[in-house]
Each structure stands twice: as C-alpha cells, then as structure tokens.
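First the structure, in the form of structure tokens, and then the observations on it.
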Amino acid sequence: MGGLCNVDHIIVKATAPNSSPLSDKYVHQLLRLFAISPPCCRAFSLGFARRFGKTRSWRVALKCLLLLHRLLRSSPEDSLFRTELLINRSNGSISLYPCNFRDVSSSDPESFTAFIRSYARLLDEISNEDNHRARPGPPDNSPEEIGRVLEVLEQIQSLIDRVIECKPTGVTARNFLIQTAMKHIIRDSFVCYTVFKNDIVFLLENMFQMPTYQCCISAFSVYKKAALQADQLYEFYQWCKLMGVCGCYEYPFVDRIPLLQIQALESFINGMWEIKDDDGDHQSPSSSPLSSKAEKVGDEGEEERQPFIKLNDDDDDDDDDDSWEDILEASVINFSSHGSDEKDEWRIQVYNPFDGKYVSGDPNYPWGL
C-alpha cells in the first residue's frame, strides 16, 4: 500500500506548477517502483489520468506529458506499464487524443493549449506501438516483409506529421519548459527518421518487384508523401536550430526527393500495369495509380493485375533482365522537335537521394543517438 501512495506523491511532486524542469529523479523513482511492485503501474495510470484530466495549468499538463514521455521511452514494448496504459486509454480513463485540456493560467492560453494538445496527440500515437524503433538486420524481399515495411513507413510518416504539428507558436516558442519538451520530441524524430531512411531505400529498390498492383500503389504513395514531408521536416528542423533546440550537430541530414523523379515514377507506374478481366482480355489503366486504388474489376469486385513491362515488343525474352532504371529510361518520350536520333541524349539518371554519397559529413555519424 505504501508503494501505491508513493506513486501519487511522486506524480504530484514531479508535476508541480512551477517553472522548474522535470527532475530525472522522479522518473528513476517510478521505474524502480514499477520493477519492485507491478501494481504500481496501474496506480500510475490512474494517478496520471486524474492529474492530467483535472488540471487547467499548462505547466502541470506539460510536466505530466513529459513524465509520461520519459517513462514510455524507458519501458520495453511488452512491459506491464505499457499494458496498463493501453487498458486505461481504451476504457477512456486516459484521454490523450482527443485531448480536452484548456489552459487558463497564462497570458496566451491559446498557444499553450495548442501545444499541449499537439504533444498529447503525439504521445497517443507513440504509446500505441513502438514499431518505429530500429530493428536488427536488413529486411528481406518476401511479400510479408514488404507489407510490414509499408505498414511501418506509414506509421513513421504519421509520427513525423505529429512531430511537426508540435511546433510552438507565439510566446510558447521562447518558453524554457516548452523548449525542454521540444528537445525530447525532436530527438525522438531523429530516431524515427533514421529508421525511415533505411526502409525507404528498401522500398525504392523493390518498387517494381511488388507482388500486387495494390502494393505498388501503396509503395508509390508512401514515396510521394516522403518527398513532400522531407521539405516540411527540413523547414521544421531549420526553425528548431534557430531556436536553439538541441545542438546543430545532432540533426540528421534530411534527404530531399526531386519532384521530377516523383513525376517520372508516377507516369511509369501508370503504364506498367494492365487490368486482366474475366475473359482474359487486357486493358491499360486510364486513370492515375492513386485513383485506381478503389477500382473494382470482375464480378467479385477484386482487382487482378499483373506486370506489363515491355521495352521491346519483339524481344520478350529479355524483359526479366531489365532493371527498373532501364524501364524508366525507355518510358521517356523522345521529342522529334529536337532533331536528334541519339537515344543517349534522353537518358535519365535516376536519382536515389538516400545513397550514402549524397550525405555530407562523417559516414559514421550516430544519427539520433
């Protein structure tokens, strides 16, 4: 019983409504209690729900979220602490998203309220699963592994969106406690982006070996969003550097994907698949790959697509040996107005932004670590 009382006492002391940052000793005390007395995990979840749910002070709310963030980072995925947290989130005891917090203790309540709600939404996604943590060994080329990589990449992209949404505005941008929280948020994004970089390379290399049309479209959608998100993340990191959030040496190099490559890939994917109907006839898809995702073919409403990759109609035997760079090169139209018959003039150099030679600095740089 004494341990359970200690949990509530620690939560109250750690989240005092003052301008002092969250002390590490409270995190260590709670972790020690969780290891000695497993019921303390449930006590923390209930105590956190009461403290965070009732407060109208941004300082108390922020320290509650910081405390939860630190504990999540220090707890294994299969820990009892995470299990109790998920149970209390599922039954509505803890509500991180949607978050009903509203600040009434500052001169700029809208800015502080917006930051607390954005931070709470980020932690809500983090507490679901930690699939964005680094995994040992490179992925293989099996359909199951491709599907898993696609799922993880979509989760990481969602997390990066949540991180960018945490950008403070107004007076919150210069607040010391807010900047302390931003350091934890930013460093988490470094780890996410490192995993993302590794998996997006695998996705790009297997873009045209996907087992189904749907997987190919999902892969292209992830890659297209990566190009847009890279610009947003770059601007966000630049702002954080200007504000002094973390050291400049800690930030990873954000790889930018040229729009020209996205357009070339989209044009090529539109032409590389054909629809096979019930009679065995083939038709070329008339719409973009993204709009074709909802298209239904056949009486059972299922798509049945197969690769349609032919560089030369008279030489079908060599198709399997052609790389996707050659296929993409062959898809470029040779405009007759230039008056040249040399095909090399229209050769496309496929740019892989994640190739190590484009990364500046030390190749052994510990990204996010």
Side-chain angles (χ1 to χ4, degrees), residues 11-24 26-27 48-73 89 94-127 157-193 229-252 254 368:
I11 292 175
V12 172
K13 291 193 67 176
T15 60
N18 54 41
S19 298
S20 301
L22 176 68
S23 176
D24 292 342
Y26 298 121
V27 178
F48 173 87
R50 287 192 298 268
R51 185 70 166 167
F52 182 72
K54 292 181 179 180
T55 186
R56 292 296 176 265
S57 168
W58 71 266
R59 291 181 177 86
V60 174
L62 179 63
K63 290 183 180 181
C64 284
L65 295 178
L66 268 173
L67 182 62
L68 177 62
H69 195 169
R70 297 285 303 278
L71 292 173
L72 283 171
R73 282 289 153 263
R89 286 176 57 242
I94 297 178
S95 179
L96 295 175
Y97 181 73
C99 176
N100 299 317
F101 171 78
R102 184 172 295 278
D103 177 59
V104 296
S105 63
S106 66
S107 58
D108 189 6
E110 291 80 10
S111 298
F112 285 102
T113 298
F115 180 81
I116 295 297
R117 291 183 177 183
S118 298
Y119 191 13
R121 185 177 181 183
L122 171 64
L123 293 182
D124 182 74
E125 290 202 18
I126 290 177
S127 61
Q157 286 184 326
S158 179
L159 282 173
I160 292 176
D161 283 338
R162 302 290 82 79
V163 168
I164 295 175
E165 288 175 1
C166 288
K167 179 181 177 180
T169 59
V171 297
T172 60
R174 296 283 183 181
N175 185 274
F176 175 70
L177 287 179
I178 298 292
Q179 289 192 349
T180 302
M182 286 297 298
K183 290 181 180 179
H184 293 282
I185 295 172
I186 293 298
R187 290 191 173 115
D188 267 7
S189 74
F190 297 165
V191 179
C192 288
Y193 189 66
Q229 198 174 57
D231 294 334
Q232 299 171 351
L233 189 62
Y234 175 81
E235 296 296 332
F236 178 67
Y237 281 170
Q238 290 298 111
W239 180 87
C240 290
K241 290 177 184 179
L242 290 175
M243 299 301 297
V245 180
C246 299
C248 292
Y249 64 91
E250 297 182 66
Y251 286 82
V254 178

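By convention here, the first residue in the shown sequence is residue 1.
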CG of Leu159 to CZ of Arg121, rounded to nearest 0.5 Å, is 11.0 Å
Close side-chain approach of Ser19 and Phe176, heavy atoms under 4.5 Å: no
Could you tell me which residues satisfy side-chain contact (heavy atoms from CB on, under 4.5 Å) with Thr172, sequence neighbours excluded, listed by chain and number? Ser111, Phe112, Pro168, Ile178
Scan for side chain to side chain donor-acceptor pair (under 3.5 Å) pairs involving residues 53-65, sequence neighbours excluded, and state none if there are none. Asn18-Lys63
For Glu165, all residues meeting side-chain hydrogen bond (donor to acceptor under 3.5 Å, both in side chains), sequence neighbours excluded: Arg162
The criterion is salt bridge (Lys or Arg N to Asp or Glu O under 4.0 Å); which residues satisfy it with Arg50, sequence neighbours excluded? Asp8
Rounding to 0.5 Å, atoms CG (Leu67) and CG (Leu62) come to a distance of 11.0 Å
Aromatic plane relationship, Tyr119 with Phe115 - under 30° parallel, 30 to 60° tilted, over 60° perpendicular: tilted
Could you state the interatomic distance from CZ (Arg187) to CZ (Arg73), rounded to the nearest 0.5 Å? 13.5 Å
Go through the structure and list residues passing side-chain hydrogen bond (donor to acceptor under 3.5 Å, both in side chains) with Ser95, not counting sequence neighbours. none
Side-chain heavy atoms of Ile11 within contact of Phe52, under 4.5 Å: no
Got Ile126 and Leu122 here, is their nearest side-chain heavy-atom distance under 4.5 Å? yes
Go through the side-chain N and O atoms of Ser105 and Asp103 and say whether any donor and acceptor fall under 3.5 Å apart. yes
Indicate, with yes or no, if the rings of Phe190 and Tyr237 have centres closer together than 6.0 Å. yes
Exercise: identify the closest heavy-atom pair between Ser20 and Leu177: O-CD2, 3.7 Å
What pairs with Arg89 under salt bridge (Lys or Arg N to Asp or Glu O under 4.0 Å), at least two apart in sequence or on another chain? Asp124
Once side-chain hydrogen bond (donor to acceptor under 3.5 Å, both in side chains) is applied, do any residues pair with Tyr26, and if so which ones, sequence neighbours excluded? none
Listed by chain and number, what are the side-chain contact (heavy atoms from CB on, under 4.5 Å) partners of Asn100, not counting sequence neighbours? none
SG on Cys99 to CD1 on Ile94, rounded to 0.5 Å: 12.0 Å
Given Ile186 and Glu250, is the side chain to side chain contact (heavy atoms under 4.5 Å, CB included) satisfied, shown in steps? CA-CA 10 Å; Ile186 293 298; Glu250 297 182 66; over 6 Å; no
Among residues at least two apart in sequence or on other chains, which ones pass side-chain hydrogen bond (donor to acceptor under 3.5 Å, both in side chains) with Arg51? Thr15
Grab the two heavy atoms, one from Met182 and one from Cys240, that are nearest each other, plus how far apart they are. CE-SG, 4.3 Å
Would you please name every residue forming a ring-ring contact (aromatic ring centres under 6.0 Å, His included) with Phe101, sequence neighbours left out? none
Leu22 pairs by side chain to side chain contact (heavy atoms under 4.5 Å, CB included) with which of Thr180, Leu65, Leu66? Leu66
State which residues pass side-chain contact (heavy atoms from CB on, under 4.5 Å) with Gln238; sequence neighbours excluded, sorted by chain then number. Tyr234, Lys241
What are the two closest heavy atoms between Val254 and Ala230, and how far apart are they? CG1-O, 3.5 Å
Determine the minimum heavy-atom distance between Trp239 and Ala173, stating which atoms define it. CZ2-CB, 3.9 Å
Nearest 0.5 Å, what's the CD1-SG distance between Ile116 and Cys64? 9.0 Å
Pairwise side-chain contact, Leu68 with Leu96, heavy-atom cut-off 4.5 Å (strictly under): yes
Sequence neighbours excluded, the answer for side-chain contact (heavy atoms from CB on, under 4.5 Å) partners of Gln232 is Asp161, Ile164, Gln229
Interatomic distance, OG@Ser189 vs NE2@His184, rounded to 0.5 Å, equals 13.0 Å
